[in-house]
Amino acid sequence: LTLACVQVTYLDAQDTFDELIKGILQAFIFLFVSVMGTMIAILVTAPIVPRMFEAGAIDLLLSKPVSRSLVFLSKFFGGCAFTLLNSGYLILGIWVIVGVRFGIWSDGLLLSIPVYLFLFVLYYSVSAATGVVFRGPIISVVMVGLFWFVCFVVGTAKDTAEQFEINGSRIHT
């Protein structure tokens, strides 16, 4: 009976520890990968498109028989591939380390790679479009920050409106 109680207590402690590790992983992915990682990736890739329009650079690129749109798309997808490789290396490494060290093989951690890439592509498209129009990496980063803030305000307003409108009507009915 005592051995059974010790084993049950051990299993409860192991489950609690696993939940703690999963919570830390979720916080890490949200804070460092989705928020900080996206901003660092935008800061690193923001000069790619505006640098293309500097004197001498576009002449060399257009001396070959390629169109401007193809040059732009190759720069855009090059920035996306650079970010995919770096984020994949980071997240896959964390997945292996946590799996080997703690025995937690979280599939959700691997699914964060395409979600992160989608988030980056959204913000990088704003950066690239701003880089084409204003031809400056600093204004590209500022516009991405402004776009991020607008998305945050719209999402918060939506959540607040749903909270009051939908939940209020549910309580009433």
Inter-residue atom distance [X].[atom1] - [Y].[atom2], 0.5 Å rounding:
X: Ile104; Y: Ile21; atom1: CD1; atom2: CD1; answer: 5.5 Å
X: Thr38; Y: Leu117; atom1: OG1; atom2: CG; answer: 10.0 Å
X: Leu73; Y: Ser67; atom1: CG; atom2: OG; answer: 8.0 Å
X: Ile24; Y: Glu19; atom1: CD1; atom2: CD; answer: 11.5 Å
X: Leu85; Y: Leu92; atom1: CG; atom2: CG; answer: 11.5 Å

Original post:
Going through the distances and angles, do Val121 and Phe76 end up as a side chain to side chain contact (heavy atoms under 4.5 Å, CB included)?
Top reply: CA-CA 9 Å; Val121 167; Phe76 181 82; 4.1 Å; yes
Below 3.5 Å, can you tabulate the donor-acceptor pairs from side chains in residues 150-161 to any protein atom, sequence neighbours excluded?
from	atom 1	to	atom 2	distance (Å)
Thr156	OG1	Phe152	O	2.8
Lys158	NZ	Glu162	OE1	3.3
Lys158	NZ	Glu162	OE2	3.1
Thr160	OG1	Thr156	O	2.8

When you group the ILVMFWY residues by side-chain heavy-atom contacts below 4.5 Å and let the links chain together, are [Y] and [X] in the same group?
X: Phe77; Y: Val126; value: yes
X: Leu31; Y: Val98; value: yes
X: Leu111; Y: Leu109; value: no

Subject >> Residue pairs fulfilling side chain to side chain donor-acceptor pair (under 3.5 Å) with at least one residue in residues 85-105, sequence neighbours excluded >> reply: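 Of all non-adjacent pairs touching residues 85-105, none passes side chain to side chain donor-acceptor pair (under 3.5 Å).
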Below 4.5 Å, heavy atoms only, C-beta onward: do [X] and [Y] meet side chain to side chain?
X: Leu90; Y: Ile94; answer: yes
X: Phe82; Y: Ile48; answer: no
X: Phe120; Y: Ile42; answer: yes

Subject >> Tyr123: partners by ring-ring contact (aromatic ring centres under 6.0 Å, His included), with sequence neighbours left out >> reply: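 For Tyr123 the ring-ring contact (aromatic ring centres under 6.0 Å, His included) partners, ignoring immediate neighbours, are Phe147, Trp148.
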**OP:** State which residues pass ring-ring contact (aromatic ring centres under 6.0 Å, His included) with Phe28; sequence neighbours excluded, sorted by chain then number.
**Re:**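 Phe28 satisfies ring-ring contact (aromatic ring centres under 6.0 Å, His included) with Phe32 only.
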Subject >> Fellow cluster residues of Leu122, listed by chain then number, with links counted only when side-chain atoms sit under 4.5 Å apart >> reply: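 The other cluster members (ILVMFWY side chains, heavy atoms under 4.5 Å, direct or chained) are Phe118.
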**OP:** Begin from the C-alpha positions of Val49 and Phe72 and carry the test side chain to side chain contact (heavy atoms under 4.5 Å, CB included) through to its verdict.
**Re:** CA-CA 7 Å; Val49 173; Phe72 172 76; 3.9 Å; yes
Original post:
Counting distance only, does the side-chain N/O of Tyr116 pair as donor-acceptor with the main-chain N or O of Ile91 below 3.5 Å?
Top reply: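 No; zero donor-acceptor contacts below 3.5 Å.
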Subject >> Trace of the side chain to side chain contact (heavy atoms under 4.5 Å, CB included) decision for Thr83 with Tyr124 >> reply: CA-CA 10 Å; Thr83 303; Tyr124 189 51; over 6 Å; no
Taking distance alone, no hydrogens or angles, what donor-acceptor pairs closer than 3.5 Å link side-chain atoms of residues 137-145 to residues at least two apart or in another chain?
from	atom 1	to	atom 2	distance (Å)
Ser140	OG	Ser127	O	3.2
Ser140	OG	Gly131	N	3.3
Ser140	OG	Gly136	O	3.0

